[in-house]
Amino acid sequence: MKIGHEELTGYLERLQKPRPEEIMKLEAYAEAHGVPIMEPTGIEALLQLLSLKNPKKILEIGTAIGYSAIRMALKLPEAEIFTIERDENRYHEAIQNIQSFQLENRIHVFFGDALEASAAVQSMAPYDALFIDAAKGQYQKFFSLYEQMLADDGIIFTDNVLFKGLVAGDHSQIESKRIKKLVSKIDDYNHWLMEHPDYETTILPVGDGLAVSKKEVKRI
Ligand SMILES: C[S@@+](CC[C@H](N)C(=O)[O-])C[C@H]1O[C@@H](n2cnc3c(N)ncnc32)[C@H](O)[C@@H]1O
């Protein structure tokens, strides 16, 4: 008997505890308005790994409407979250949502393009954890730019590295040129990440694929 990935994901989602009503409202809003937030099994895995690490400062690239930042702040009551969003409407929506959860003291949203590290973001370094969840074609740039701000024992999470499973299939079968290019970029990123000399990476097939990269502590 062969069980497909979708059936497994459905099973895992059904096993999950129900989220608080306000969180489910955010999820429903994202679904209704086409806002790409983390998938249920992806966010649960991220939160579990974060709680094992217990980071005090987290930097997120790609806020959208604040869903994952809010989930991280609720899971880790001692953590401060710094998050960057370049879309003005989403930035304002994120601020509103964060206020409605009364988390504005612990979630700081920066408006701007994360391809340029702002002085404000740099000034809060080092970060104990980095979560990359923005433009998929730019992952390597985000990683290289922000890993410089990571604490020595820091950890980097990257979402969507399996991109609906497309990275694992025959890329030549993908009809859309844009998607094909994106798949190829993500695939390149995965290879680059797995071979990175300073990081130990594991890719978890949860949600849309979550890469977990642990900085190697250099011993003399
Ligand atoms: C997948 S969504 C983030 C979802 C969010 N992390 C969550 O799970 O709730 C990606 C977001 O990254 C933003 N984004 C993409 N490229 C960016 C960049 N270069 N700088 C800042 N934000 C960016 C997009 O506008 C979008 O809102």
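First listed ligand is number 1; within each ligand, the first listed atom is number 1.
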Exercise for review: Could you give me the CA-CA distance, side-chain angles and deciding distance for Glu13 and Thr41, then say whether side-chain hydrogen bond (donor to acceptor under 3.5 Å, both in side chains) is met?
Suggested key: CA-CA 6 Å; Glu13 287 182 7; Thr41 55; 5.0 Å; no
Exercise for review: State whether the number of non-hydrogen atoms from other residues, nucleotides or ligands found under 6.0 Å of Lys164 atom NZ is greater than 12.
Suggested key: no
Practice item. Determine, step by step, whether Tyr199 and Glu216 satisfy the side-chain hydrogen bond (donor to acceptor under 3.5 Å, both in side chains) criterion, reporting the C-alpha distance in whole Å, the side-chain angles of both residues, the deciding distance to 0.1 Å, and the verdict. Key: CA-CA 5 Å; Tyr199 288 84; Glu216 292 275 279; over 6 Å; no
Exercise for review: Quick one: look at Asn160 and ligand 1, take heavy-atom pairs under 4.0 Å, and tell me if it's side chain, backbone, both or neither.
Suggested key: neither
Revision key, fill the gap. Logged contact type for Gln138 with ligand 1, heavy-atom cut-off 4.0 Å, is neither
Could you tell me, atom by atom, which parts of ligand 1 come under 4.0 Å of a heavy atom of [X]?
| X | result |
| --- | --- |
| Arg90 | 25 (O), 26 (C), 27 (O) |
| Gly112 | 20 (N), 21 (C) |
| Asp87 | 25 (O) |
| Phe142 | 19 (N) |

[atom]: the protein heavy-atom neighbour that sits closest, reported with distance to 0.1 Å:
| atom | value |
| --- | --- |
| atom 15 (C) of ligand 1 | Ala135 N, 3.3 Å |
| atom 19 (N) of ligand 1 | Asp113 OD1, 2.8 Å |
| atom 9 (O) of ligand 1 | Ser68 N, 3.0 Å |
| atom 2 (S) of ligand 1 | Pro36 O, 3.2 Å |
| atom 14 (N) of ligand 1 | Ala134 CB, 3.7 Å |
| atom 10 (C) of ligand 1 | Asp133 O, 3.0 Å |
| atom 12 (O) of ligand 1 | Gly62 CA, 3.3 Å |
| atom 20 (N) of ligand 1 | Ala114 N, 2.8 Å |

Review point. Which is closest to atom 24 (C) of ligand 1 in terms of heavy atoms, Arg86, Glu116, Glu85, Glu88?
Key: Glu85
Distance-minimising heavy-atom pair for [X] and [Y]:
| X | Y | result |
| --- | --- | --- |
| Ala94 | Ala64 | CB-O, 3.6 Å |
| Ala135 | Phe142 | O-CE1, 3.5 Å |
| Tyr91 | Glu85 | N-CG, 3.9 Å |

**Study point:** Check: Asn97 side chain, Ile65 main-chain N or O, donor-acceptor pair, under 3.5 Å
**Key:**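 Looks like yes, one N/O pair under 3.5 Å.
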Practice item. Please work out whether the ring planes of Trp192 and His196 are parallel, tilted or perpendicular, with thresholds of 30° and 60°. Key: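 The rings of Trp192 and His196 stand perpendicular, inter-plane angle above 60°.
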Check your understanding: So is Gly66 polar-close to ligand 1, meaning N/O to N/O under 3.5 Å?
Key -> no
Check your understanding: Backbone or side chain, does any N or O of Met38 fall under 3.5 Å from an N or O of ligand 1?
Key ->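 Yes: some nitrogen or oxygen of Met38 is under 3.5 Å from one in ligand 1.
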Point to revise | Interatomic distance, Leu162 atom CG to Leu210 atom CG [nearest 0.5 angstrom] | key: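 With rounding to 0.5 Å, CG (Leu162) is 9.5 Å from CG (Leu210).
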Exercise for review: Answer yes if Phe101 and Ile58 sit in the same cluster of Ile, Leu, Val, Met, Phe, Trp and Tyr residues linked by side chain heavy atoms under 4.5 Å apart, and no otherwise.
Suggested key: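 Hydrophobic grouping puts Phe101 with Ile58.
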Exercise for review: Following the transitive rule for hydrophobic clusters with a side-chain heavy-atom cut-off under 4.5 Å over Ile, Leu, Val, Met, Phe, Trp and Tyr, establish whether Leu103 and Tyr127 coincide in one cluster.
Suggested key: no
Point to revise | Contact with ligand 1 for Thr83, non-hydrogen, under 4.0 angstrom | key: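 No.
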